[in-house]
Amino acid sequence: MKTFSEMGALTKETPSEVAEASDVVITMLPSSSHVLDVYNGPNGLLKGGNFLRPRLLIDSSTIDPQTSRKISAAVSNCILKDKKDLWENPVMLDAPVSGGVLAAEGGTLTFMVGGSEDAYLAAKTFFLSMGKNTIYCGGAGNGSAAKLCNNLAMAVSMLGVSEALALGQSLGITASTLTKIFNSSSARCWSSDSYNPVPGVMEGVPSSRNYGGGFASKLMAKDLNLASASAKDIGRECPLTSKAQEIYTKICEEGHEFEDFSCVFRHYYSGKDEV
């Protein structure tokens, strides 16, 4: 807050004070418990009871779909203090992002949005001021569901690429050579061509800076826990989710929770840096 205040931005002490001064509120928080506290806590955005000033609330956190739907229902039951245009009631969108730190810095994030389609269309200007892509996913909670599925696929992909590159090194093939093969053949994916996990193979990615400044392993473990819980809720078997969850939990327990999730190459597979 101090940093932004010194830059000239207005600041408030609590979420409820933010709500009292805003027409649109955007939140992005680490977990479901944080989101519930910011919305429903004693000084939360919904502290005012049934009357809200913000007509649009956007949550870009990566949380479980059930929590997104719960909060969306609470928001839709509120009444606008000052009705504007066609807005009769406040609305909420769940709009998690993909692209990581690099895309956030470059303004190229992709937003996966759940909720009212009319609200989505009205909010596109906000999304495109922060990113370059928006995808409407359907009703409330569907944006959160899409993000969990995306991060599940990303985790499994990173594990597969890391496992293959580490095996290749043990068999005498350099990671650079294998990466060239992957990226010009059927193994090509984001984890090989844009976010390579081997230090020394690619510049500008977390592996090139000792796995710093990326998507923390503890956040990946959290997302895999959410995906696993969501799968259990509907009785679906997801064995790769379970294995990825086990690996990232182990990485965190060994003290690497703040390193980028691509650090599995080094800490789980004992892969070597490219010289």
Side-chain angles (χ1 to χ4, degrees), residues 1 12-16 18-19 25-47 54 57-75 92-101 103-104 109-115 130-131 137 140-156 158 206 211-234 238 241-242 244-264:
M1 286 171 61
K12 298 293 181 181
E13 293 296 322
T14 66
S16 62
V18 171
V25 175
I26 302 173
T27 53
M28 184 182 285
L29 301 155
S31 70
S32 300
S33 62
H34 297 106
V35 176
L36 286 168
D37 186 51
V38 166
Y39 276 82
N40 296 333
N43 291 304
L45 295 168
L46 305 185
K47 181 183 178 182
L57 297 104
I58 299 171
D59 181 46
S60 290
S61 311
T62 298
I63 59 174
D64 61 281
Q66 296 88 339
T67 297
S68 293
R69 288 166 183 152
K70 177 181 178 180
I71 297 175
S72 177
V75 169
M92 178 185 174
L93 296 171
D94 47 286
V97 301
S98 180
V101 173
L109 292 166
T110 292
F111 287 83
M112 296 157 266
V113 188
M130 298 179 284
C137 301
N142 281 16
S144 295
K147 180 58 189 293
L148 291 186
C149 292
N150 179 81
N151 280 19
L152 163 59
M154 182 170 69
V156 172
M158 181 59 74
Y211 299 106
F215 185 65
S217 293
K218 71 170 187 175
L219 294 179
M220 180 57 82
K222 181 264 295 185
D223 292 351
L224 289 167
N225 290 339
L226 291 174
S228 179
S230 294
K232 288 179 182 177
D233 283 345
I234 59 172
C238 292
T241 303
S242 299
Q245 182 183 18
E246 174 190 320
I247 291 173
Y248 278 102
T249 297
K250 184 174 186 291
I251 288 293
C252 292
E253 289 173 347
E254 292 176 349
H256 308 293
E257 66 268 34
F258 296 109
E259 295 178 42
D260 181 75
F261 79 106
S262 60
C263 76
V264 292

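Starting from 1, each residue takes its place in the sequence as its number.
In this structure Asp260 satisfies the side-chain hydrogen bond (donor to acceptor under 3.5 Å, both in side chains) test together with Tyr195, Ser262, sequence neighbours excluded. Val18 meets the side chain to side chain contact (heavy atoms under 4.5 Å, CB included) test with Lys12, Ser22, Val25; sequence neighbours excluded. The side-chain hydrogen bond (donor to acceptor under 3.5 Å, both in side chains) search around Ser33 returns Ser31, not counting sequence neighbours. Every residue two or more places apart in sequence or in another chain was checked for a side-chain hydrogen bond (donor to acceptor under 3.5 Å, both in side chains) with Ser60, and none qualifies. Partners of Asp94 under the side-chain hydrogen bond (donor to acceptor under 3.5 Å, both in side chains) rule, at least two apart in sequence or in another chain, do not exist in this structure. Residues passing the side chain to side chain contact (heavy atoms under 4.5 Å, CB included) test with Asp233 are Gln66, sequence neighbours excluded. Evaluation of the side chain to side chain contact (heavy atoms under 4.5 Å, CB included) rule for Ser217 yields Tyr248, Ile251, Cys252, Phe261, Cys263 as partners, not counting sequence neighbours. Residues meeting the ring pair (Phe, Tyr, Trp, His ring centres under 6.0 Å) test with Tyr211, sequence neighbours left out: none. In this structure Lys250 satisfies the salt bridge (charged side-chain N to carboxylate O under 4.0 Å, His left out) test together with Glu254, sequence neighbours excluded. Residues passing the side chain to side chain contact (heavy atoms under 4.5 Å, CB included) test with Asn142, sequence neighbours excluded: Arg69, Cys137.
With hydrogens and angles left out, the side-chain atoms of Asp64 and Ser32 include a donor and acceptor closer than 3.5 Å. Between Thr27 and Asp59, the side chains place a donor N or O and an acceptor N or O closer than 3.5 Å (distance only, hydrogens not considered).
Here the straight-line distance linking atom CZ of Phe215 with atom CG of Asp223 works out to 4.5 Å at 0.5 Å rounding. For the atom pair CG of Leu152 and OG1 of Thr241, the computed distance is 4.0 Å after rounding to the nearest 0.5 Å.
Asn225 has its side chain within reach of Gln245: a pair of non-hydrogen atoms, C-beta onward, lies under 4.5 Å apart. Between Thr110 and Val97 there is no side-chain heavy-atom pair separated by less than 4.5 Å. The shortest side-chain heavy-atom distance between Glu13 and Met1 falls under the 4.5 Å cut-off.
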